[in-house]
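Just so you know, ligand 1 is whichever comes first in the structure, and atom 1 is the first atom listed for that ligand.
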Amino acid sequence: MPSFTQFTPPVDGTPLSRKNGTLVVPDNPIVPFIEGDGTGPDIWRASVRVFDAAVARAYGGTRKIAWYEVFAGEKAKEMFGEWLPNDTIEAVKTYRIAIKGPLTTPVGGGIRSLNVSLRQILDLYACVRPVKYYTGTPAPVKRPDLMDVVIFRENTEDVYAGIEFAKGTPQAAKLIEFLEKELGKRVRPDSGVGIKPMSEFGSKRLVRMAIEFAIKNKRKTVTLVHKGNIMKFTEGAFRDWGYEVATTEFRDYIVTEEETWNGASKDGKILVNDRIADSVFQQILTRTGEYDVFATPNLNGDYLSDACAAQVGGLGMAPGANIGDDIAFFEATHGTAPKYAGKDVINPSSVILSGVMMFGYLGWNEAASLIESALGKAIQQKQVTYDLARLMEGATELKTSAFADTIIANM
Ligand code: NAP
């Protein structure tokens, strides 16, 4: 066990562990949490009550989360003089799990983004975003109910590699010169330049996680999203490596779309297909129900996740997780919405539904279902926070805390 120098873990909990690669979940797991900046504390106060109530109701006192507050963002800066204390990283590594609210992105200084730093340091290589519709949520399309997808977005490469140089810097000039002299590619000298690396290792492990998820959760399709018609050796290679993983590592479980054109049966198998990024944005609107699990490189997945979330009623609702081979970090997908900080008005659903994902990951499915259906009921009863109330006819506008009370009462 590491010794934490700045903050102290709870004494009444047990860490998650692994046995032969499988997660072992005790009845009192220690779960580090970061409440987050801006509206983060409002959201966390409401969410943690919902989580504890669901666990108490589902397991009658035999299971309980031992919450462990760790710090990042403005609160960490105030208390410890740094944005991302080492104890926070150590806690997440040690306990293999964490959940967080939104964090302010520091402007200037050494850290580009706390979220990106956490993902890179902990090698959380998949950003996982389930998007589905909760009946009654105001949505901009006619059939939002057809959407039920899970997006696995690569989290460490492509534009997230962060390799770019500003126009006019010696680094940009050097790179432009190298491209021209050594590789025969001309770039205008007044360009900013960036590098988009996509590796076989990084692409394959992401697609592998998406297919494993599809098998475990009995999903029908895994779609590889890419722009390989133009970027053949990065995006196109992502598609090719994806099919290679599917056909060599999961042969008994999958059939590719091309194989079905040649007469192979889909029966009982997961269909693996691919779509070019621009077409998938049309298809998710026009043929929503045909899509299920997506595996995408970083930038495509960024756009696709928000577009899908918008289609079912917006970002205040969308949960997310960043997952690696050993660690899972659940988080709100929206920002800190600072103008509402401390007002107890913001919608806590993104963190609450991230908690649903977390309970699913722990195998505490009863608690997950209780929360999900109770939250769904609150929306159907039109007992909602301001963001949904302003779009619903006849809704009662609730404070964040009262929305949590309603969810708990619905359990
Ligand atoms: P934002 O905090 O997501 O807020 C933009 C607007 O979205 C809000 O004013 C509000 O709209 C709506 N909104 C966001 N979350 C909501 C919720 N839970 N319930 C209801 N409405 C919600 O985006 P931002 O203003 O661009 O970013 C603020 C800070 O957050 C920045 O420092 C940014 O870097 C950071 N950020 C952090 C994360 C993260 O930690 N994962 C993600 C994105 C941004 P209305 O004004 O219409 O009510």
Side-chain angles (χ1 to χ4, degrees), residues 33-47 50 70-77 83-84 88 92 98-109 111-122 124 127-129 134 137-140 151 153 155 160 162 298 301-303 305-306 309-310 312-323 328-358 375 378-379 383-392 395 397-404 407:
F33 72 93
I34 298 169
E35 65 175 13
D37 298 325
T39 48
D42 293 335
I43 292 174
W44 181 255
R45 268 193 298 276
S47 304
V50 170
V70 299
F71 302 87
E74 283 166 350
K75 194 166 174 184
K77 182 82 177 144
W83 288 94
L84 187 53
T88 298
V92 181
I99 183 163
K100 67 178 263 301
L103 293 173
T104 303
T105 304
V107 181
I111 292 188
R112 197 172 178 148
S113 152
L114 289 168
N115 294 312
V116 175
S117 302
L118 279 166
R119 289 167 201 168
Q120 285 174 347
I121 296 168
L122 300 167
L124 305 173
C127 176
V128 184
R129 297 270 293 267
Y134 291 91
T137 314
I151 300 158
R153 164 189 169 205
N155 228 356
Y160 261 16
N298 185 269
D302 195 6
Y303 299 152
S305 307
D306 281 13
V312 295
L315 275 176
M317 298 287 297
N322 294 291
I323 299 185
F329 206 135
F330 300 85
E331 68 168 10
T333 55
H334 55 75
T336 58
K339 67 181 174 186
Y340 299 119
K343 298 202 162 99
D344 192 28
V345 295
I346 202 84
N347 185 348
S349 297
S350 178
V351 168
I352 292 176
L353 291 172
S354 300
V356 168
M357 287 178 81
M358 183 186 80
L375 188 147
I379 293 171
Q383 303 276 318
V384 289
T385 45
Y386 82 91
D387 54 314
L388 298 180
R390 70 186 167 187
L391 301 170
M392 282 172 157
E397 183 178 322
L398 299 181
K399 295 265 186 193
T400 312
S401 50
F403 183 61
I407 296 173

Engineer: Below a 4.0 angstrom heavy-atom separation, can you tell me which part of R390, side chain or backbone, both or neither, approaches ligand 1?
Structural biologist: side chain

Engineer: What closest approach, in Å, do P41 and G36 show between heavy atoms, and which atom pair accounts for it?
Structural biologist: CD-O, 3.3 Å

Engineer: Checking the N or O distance criterion of under 3.5 Å, is ligand 1 in contact with A337?
Structural biologist: yes

Engineer: Hey, is ligand 1 close enough to G335 that some N/O pair sits below 3.5 Å?
Structural biologist: yes

Engineer: Quick check against the 3.5 Å criterion: does Q120 have a side-chain atom that pairs as donor or acceptor with the backbone of Y160?
Structural biologist: yes

Engineer: Does only the side chain of S349 get under 4.0 Å from ligand 1, or the backbone, or both, or neither? Count heavy atoms.
Structural biologist: neither

Engineer: Residues in salt bridge (Lys or Arg N to Asp or Glu O under 4.0 Å) with K77, at least two apart?
Structural biologist: none

Engineer: Could you pull out all residues at least two apart from T104 that satisfy side chain to side chain donor-acceptor pair (under 3.5 Å)?
Structural biologist: D37, E74

Engineer: Do ligand 1 and P338 have nitrogen or oxygen atoms that lie under 3.5 Å from each other?
Structural biologist: no

Engineer: Using heavy atoms and a threshold below 4.0 Å, how should the contact between N347 and ligand 1 be classified: side chain, backbone, both, or neither?
Structural biologist: both

Engineer: Can an N or O of E331 be found at a distance shorter than 3.5 Å from an N or O of ligand 1?
Structural biologist: no

Engineer: Aromatic rings F33 and W44: how do their planes relate, parallel, tilted or perpendicular, breaks at 30° and 60°?
Structural biologist: parallel

Engineer: Is there a heavy atom in A332 that sits closer than 4.0 Å to ligand 1?
Structural biologist: yes

Engineer: Does ligand 1 have a heavy atom under 4.0 Å from the side chain of N115, from its backbone, from both, or from neither?
Structural biologist: side chain

